[in-house]
Amino acid sequence: MAPRSQGYKLKIEVWLKEGLVDAEGKTLEEALVDLGFPIESAKAGRVYEIILNVESREEAGEEAERMCDKLLANPVKDRCVVDIIE
Amino acid sequence: MAPRSQGYKLKIEVWLKEGLVDAEGKTLEEALVDLGFPIESAKAGRVYEIILNVESREEAGEEAERMCDKLLANPVKDRCVVDIIE
Amino acid sequence: MVRVAVLRVPGTNCDRETARAIEEAGAEAFVLHVGQLERGEEDLMNYHGLVIPGGFSYGDRIRAGAVLAARLGSKLDEQIEEFAASNRPILGICNGFQVLVELGLLPGFEGCRAALAPNESAHFECRWVWLKKTGSCDLAIGPPLQAMPIAHSEGRLVFSSPSCLEKAGSAGLIVYRYAKPDGSSADGEYPYNPNGSQGDVAALCNPSRMIMGIMPHPERAIYNWQTPLRLRPPAGLGIFRALISAAERSL
Amino acid sequence: MSRRLTRPADVGEIDLLGAGMEELTGIASAFGLSLKEAEVVKGYFVGLGRNPTDVELHAISQLWSEHCRHKTFRGIVMDEDGKGIVDDILSSYIARATEKIGAPWVVSFLEDDAGVVRFVDGYGVAVKVETHNHPSAIDPFGGAATGIGGVIRDVLAVWADPIALVDVLCFGPPDIHQEIGEFLHPRRIARGVVDGIGYYGNNVGIPTVAGAVCFDEGYVGNVVVYAGCLGLLPLDRYARNPRSGDALVLIGNRTGRDGMGGASFASSSLSGKVEELRPAVQIPDPIEEEKLLRFVSKVRDEGLASAITDLGGGGLAVAAAEIAGRASSGCFLDLDAVHVREEMKPWEILVSESQERMLLAAPSGNLDRVMDLAEEEELEASRIGSLTGTGIFEASHEEATVMGISVEFLLHPPKSVKVARRRRVREFDLGMPEPTSVEGALLELLSSPNVSSRESLIRTYDFEVRGNTAVKPLEEPFGGPNDAAVIKPLDERREGIVISVGLKPRYSRISPYWMAASSIEESLRNNVAVGGRRMAILDNFVWGSPEDPDNMWSLVEAARACHDLAMAFGTPFISGKDSLYNESPLGPVLPTLLITAVGLIPDVEKSVTVSLKNKGDSIYVLGTTRKELGGSEYYALRGAGWGHVPKVKPDESKAVMDCLTAAIDDGIVMAAHDVSDGGLGVALAEMVLSSGLGMEVSLRSVPGDLVKRDDYLLFSESNGRFIVEVEMGSEGRFEEIADEKGCTYARMGRVRGDRLQVEGYDGRTIIDLGHEELRDAWRREQW
Ligand SMILES: Nc1ncnc2c1ncn2[C@@H]1O[C@H](COP(=O)(O)OP(=O)(O)O)[C@@H](O)[C@H]1O
Ligand SMILES: [Mg+2]
């Protein structure tokens with residue numbers, strides 16, 4: 001599927017909020033240190049690449065916020081970072 | 001833990017290679033369409049933010065590649081995207 | 001006779017034993033695919049109680065419970081609202097608890113939200129734990145201390161603010177907390193508290209006392225033979241009995 | 001068929017008729033055939049008077065792969081002088097034992113996708129164990145997960161509802177330092193494999209209840225992943241009557257370009273070049289599988305289908321040929337009707353190994369209902385063809401016939417001939433200086449990777465889902481090691497299914513025959529320890545290349561032992577599988593035979609577990625302890641590769657097992673544990689650390705013919721032994737039973753205090769350890 005002409009490509013990252021133990025990040029940190037990497041810290045999150053059929057950049061941004069709210073993140077623990085790529 | 005002065009902050013994304021079924025992306029796509037979002041397509045991946053104690057940008061890049069190889073990704077099916085932020 | 005609906009979607013996988021437990025407790029259980037409700041082949045209001053069972057709805061993709069909650073929220077929100085408003089009990093077990101939290105039905109009091117975050121151990125964990133009753137809910141009867149198995153990777157309850165934990169506690173809405181074998185507080189200590197849950201919360205009730213979410217699996221602690229010798233007698237049936245008594249009121 | 005095939009643009013023709021020797025060799029290697037096979041194929045097409053399409057050659061390549069047709073097990077084995085050793089290992093050793101035993105409760109063996117035995121009235125238990133070694137080597141997570149997915153579908157393919165999973169894993173030593181070549185480090189493989197199994201099993205909602213983990217250098221280049229599944233089926237719904245005219249329906253995942261050529265990949269050696277292997281990667285989707293299993297059980301309960309099979313190695317080509325073969329007829333497939341994920345060539349559609357798909361044959365009158373059920377479960381389904389009476393496997397694309405080959409031909413590759421080189425087994429025992437402290441040796445053994453706790457792995461599996469696990473792999477609350485799992489699958493019945501495994505690959509360095517024999521005995525012993533009886537077994541061979549005469553010899557030896565021991569114990573083989581060509585630049589895999597045993601227990605509440613129960617009870621040892629330390633954990637710890645490997649004395653073992661079963665039925669056995677890796681010492685320690693109690697025992701009475709050495713007594717791995725806790729006051733009754741059964745036994749001591757205290761042969765206390773010391777050693781994180 002090729003994006004339609006009016007398609008916007010978004011990248012949305014979802015991270016655990018500061019202050020919550022990032023268990024996966026911590027495990028990763030330990031594993032990397034074990035392997036001998038000079039790690040200071042590591043955090044883990046999810047990333048989504050979404051192509052949206054909307055008319056404008058603003059609309060894309062708004063839809064992204066709504067997607068975070070409705071599905072991608074739970075605001076109690078998650079933080080969304082939206083990036084409109086093209 | 002604050003990054004030491006010589007620390008580099010990396011962002012590493014891990015995606016399934018093209019052509020492989022991205023079950024999470026598919027589920028996401030369907031759920032977003034169900035929720036009424038004008039979605040063209042969705043992909044899901046993991047993202048890591050890592051602070052490395054190395055001397056140079058080049059070294060940071062090399063270490064990132066090695067981390068991908070050794071732990072974060074399986075070159076047979078995953079694709080790493082490394083971004084040295086600062 | 002009391003009729004209890006047990007919901008399922010792809011990946012829900014504790015529906016059979018949950019239905020069995022409901023029948024053991026003395027009601028009729030009906031496993032309904034959410035699609036049947038969406039297509040109007042079934043009507044939630046024909047049932048007196050609702051259980052969202054454990055499992056991995058949609059493979060816990062995105063976040064445990066999120067996709068099912070989105071599906072319920074977008075297509076069945078009115079039915080579920082009506083059901084709850086008619087004061088019929090809703091029980092969420094494990095993945096069902098995650099769904100109730102995602103739907104915002106729990107904790108269910110002003111100004112507070114919650115989430116079930118990944119376990120502090122960062123992996124799935126299956127083990128028997130001790131639960132201490134520290135609150136009250138129409139969906140919980142049983143001994144003050146009992147054993148039940150957990151099996152999840154996202155069971156660490158976090159509230160939107162520390163005051164919410166206090167509020168829930170003082171209102172008696174924290175029905176069960178993880179505990180040590182002697183009944184003393186787990187105090188966050190692994191493995192007694194298996195996931196790092198704030199305040200050792202294992203089960204939560206809403207202020208109307210008719211909606212409960214519980215991470216451990218009561219349906220796996222119904223029979224003697226299911227229960228390891230040292231952790232007997234099994235007490236899971238109490239939860240289903242309570243659910244049925246609560247449901248009886250709308251008969 | 002004589003008609004020339006019309007050929008759409010995306011179908012190639014291969015010039016076989018005009019191929020000389022050189023071209024034929026090229027074609028053979030391109031399609032993974034031997035030259036002899038390529039000649040047979042050429043002969044077939046000469047007979048048809050036309051060249052094959054690429055669709056046809058790819059189908060033959062898959063159907064004739066080692067993985068699908070068991071060519072070595074079905075072939076001829078000769079010695080180096082050309083004298084025949086055995087023709088058809090499978091029939092001569094494995095199937096023959098089952099036939100001779102003639103157990104009336106065996107419903108189906110060695111013919112369907114899974115073996116089936118009767119459970120209780122009207123119900124059968126289906127069992128299948130598979131390997132997924134190559135895929136797990138290149139993608140540990142996905143490979144292991146799809147291994148689980150595949151074996152679940154084998155059980156669905158006999159109309160059973162999956163009820164339990166088993167996983168047995170062999171890795172390189174966790175403490176090797178360097179990465180070897182391009183091979184992943186054993187720890188990384190182990191982590192990926194375990195995560196993959198947990199991911200799939202937990203998501204699909206089937207408890208993972210039994211298994212084993214073994215570490216050895218022999219697995220550094222060749223990881224071994226066994227995945228097993230048990231299912232329950234109502235026997236009167238076991239539909240196996242496909243007929244000409246029935247529709248063929250493909251259900252589940254869309255077909256895509258993943259896992260292309262997996263079946264032939266499974267039978268080639270690993271190059272260590274990861275980039276070349278990408279097409280072999282398969283992506284698991286347990287949620288799709290969960291829908292499939294709901295669907296299959298509904299179709300079964302409504303009696304809508306006449307046959308079903310899974311799509312595994314070789315994809316649609318193999319599945320359709322096998323269904324057609326069962327109907328002794330042909331089939332027609334419209335490749336354009338297959339629901340695909342991407343644009344694909346016809347041959348790719350035919351051999352793709354996309355996961356989570358099943359093929360169903362159903363009378364066309366039932367088709368609408370079948371489609372409705374698929375929709376209810378939110379599954380995609382396509383009618384892709386039908387069974388025909390022609391005996392031909394036909395396939396069409398763009399209205400043109402692109403394949404037309406006899407099903408008989410597809411299912412019967414020419415017999416292979418392999419050579420075995422005999423090796424004399426020479427056993428000797430140089431002895432071993434006595435350790436300064438046997439207590440220290442015991443703690444070291446408890447911490448060794450092959451003995452230490454598997455708790456951290458097992459707890460990442462849901463072993464409770466479905467609420468039918470009566471004996472868990474771990475003994476709560478301390479996580480002690482139960483010998484077998486018990487599942488209670490029917491609400492209205494008290495009977496349970498007992499699942500255990502036996503795995504002794506390290507013995508194969510000394511004797512492949514006794515390795516196999518010990519594996520069988522261990523699987524039975526584990527089963528009996530919790531209360532199992534009336535057992536059936538499965539064999540899963542993992543070997544190096546059969547082209548190597550040494551490998552061939554050890555394979556034949558192990559198969560011979562399978563026959564002999566199955567006969568001796570009266571336990572029929574109901575299923576199994578071989579995975580050959582497990583080779584890497586580091587050499588062949590350690591010859592590994594997994595035996596899975598499935599038994600019954602009449603009442604799950606009478607199941608016995610490992611933990612000590614009551615102060616004052618007596619501790620007995622059953623069986624004879626011999627100086628058999630070859631291949632033992634103790635010798636390995638001390639760097640010794642020699643020694644007498646444990647033998648099996650079936651009459652002695654049977655007496656011991658019968659005694660334990662009778663005592664369990666009598667209700668006087670409070671705990672039991674099989675004696676295996678690490679010998680008596682480890683078995684005693686495990687019983688103590690599983691409970692809050694201790695024991696006081698003496699080695700002086702232990703029956704055996706050992707030189708008087710505490711370390712030998714404690715760490716010998718002789719087969720046929722148990723430690724049993726007998727209820728206080730019932731010792732007389734127990735000894736009566738033991739005498740009656742002709743069982744060798746001795747009372748070693750009793751349950752007392754909260755420590756493990758062992759008195760040596762000379763009366764001194766040689767071990768005195770508390771729970772914390774034992775648990776700390778046993779739980780030391782190794783991997
Ligand atoms: N080495 C073996 N020992 C015993 N049974 C075997 C062996 N190999 C295959 N079988 C049996 O033959 C039947 C077909 O096996 P297989 O080709 O592995 O099925 P599938 O294609 O479903 O994996 C099964 O019942 C299987 O148990
Ligand atoms: Mg099969």
Side-chain angles (χ1 to χ4, degrees), chain A residues 1 9-35 37 39-54 59-83, chain C residues 57-58 60-75 77 97-104 106-108 111-125 152-165 168 188 190 193-198 201 204:
Chain A
M1 264 184 278
K9 192 188 221 172
L10 308 174
K11 189 179 282 178
I12 306 183
E13 294 171 0
V14 183
W15 300 91
L16 268 186
K17 279 192 167 164
E18 301 299 332
L20 287 175
V21 186
D22 172 12
E24 191 186 342
K26 234 177 52 193
T27 312
L28 174 67
E29 196 175 302
E30 284 162 12
L32 287 172
V33 168
D34 261 11
L35 288 171
F37 288 101
I39 295 296
E40 183 73 39
S41 72
K43 288 200 293 191
R46 297 180 174 259
V47 56
Y48 306 101
E49 195 182 282
I50 292 172
I51 296 177
L52 263 179
N53 287 321
V54 288
E59 213 184 317
E62 282 161 29
E63 288 293 78
E65 295 299 333
R66 285 186 50 229
M67 286 191 274
C68 281
D69 249 28
K70 290 245 170 209
L71 187 63
L72 298 177
N74 180 328
V76 174
K77 68 176 176 81
D78 302 316
R79 174 169 70 80
C80 256
V81 182
V82 178
D83 186 11
Chain C
S57 55
Y58 296 101
D60 276 5
R61 289 167 192 155
I62 317 300
R63 182 173 69 255
V67 178
L68 174 52
R71 184 170 176 176
L72 291 175
S74 71
K75 302 209 176 136
D77 51 339
F97 188 4
Q98 292 159 340
V99 170
L100 292 179
V101 166
E102 288 289 335
L103 276 172
L106 285 173
C112 288
R113 297 288 310 246
L116 286 154
N119 297 348
E120 256 178 24
S121 62
H123 55 70
F124 183 93
E125 184 130 347
H152 60 247
S153 34
E154 296 174 41
R156 177 177 27 143
L157 190 96
V158 291
F159 282 104
S160 47
S161 89
S163 66
C164 294
L165 176 63
Y190 179 86
N193 175 336
N195 50 33
S197 204
Q198 286 179 358
V201 175
L204 205 56

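We name chains A, B, ... by the order of the sequence lines, and we start the count at 1 in each one.
Between chain A and the residues C:V158, C:V67, C:I62, C:N119, the largest count of heavy-atom pairs under 4.5 Å involves C:I62. Counting heavy-atom pairs closer than 4.5 Å to chain C, the top residue among A:D78, A:T27, A:L71 is A:L71.
A heavy-atom distance below 4.5 Å is not found between the side chains of C:R63 and A:R46.
A side-chain donor-acceptor contact under 3.5 Å links C:R156 to the backbone of A:V21.
Atoms NZ and OG, from A:K26 and C:S121 in turn, are 9.5 Å apart once rounded to the nearest 0.5 Å. Residue C:S160 holds its OG atom at 8.0 Å from NZ of A:K17, rounded to the nearest 0.5 Å.
In this structure, the portion of C:A114 lying under 4.5 Å from any heavy atom of chain A is its backbone and not its side chain.
Taking both residues in full, the closest heavy atoms of A:K70 and C:A70 are given as O-CB, 4.5 Å, listed atom of the first, atom of the second, then distance.
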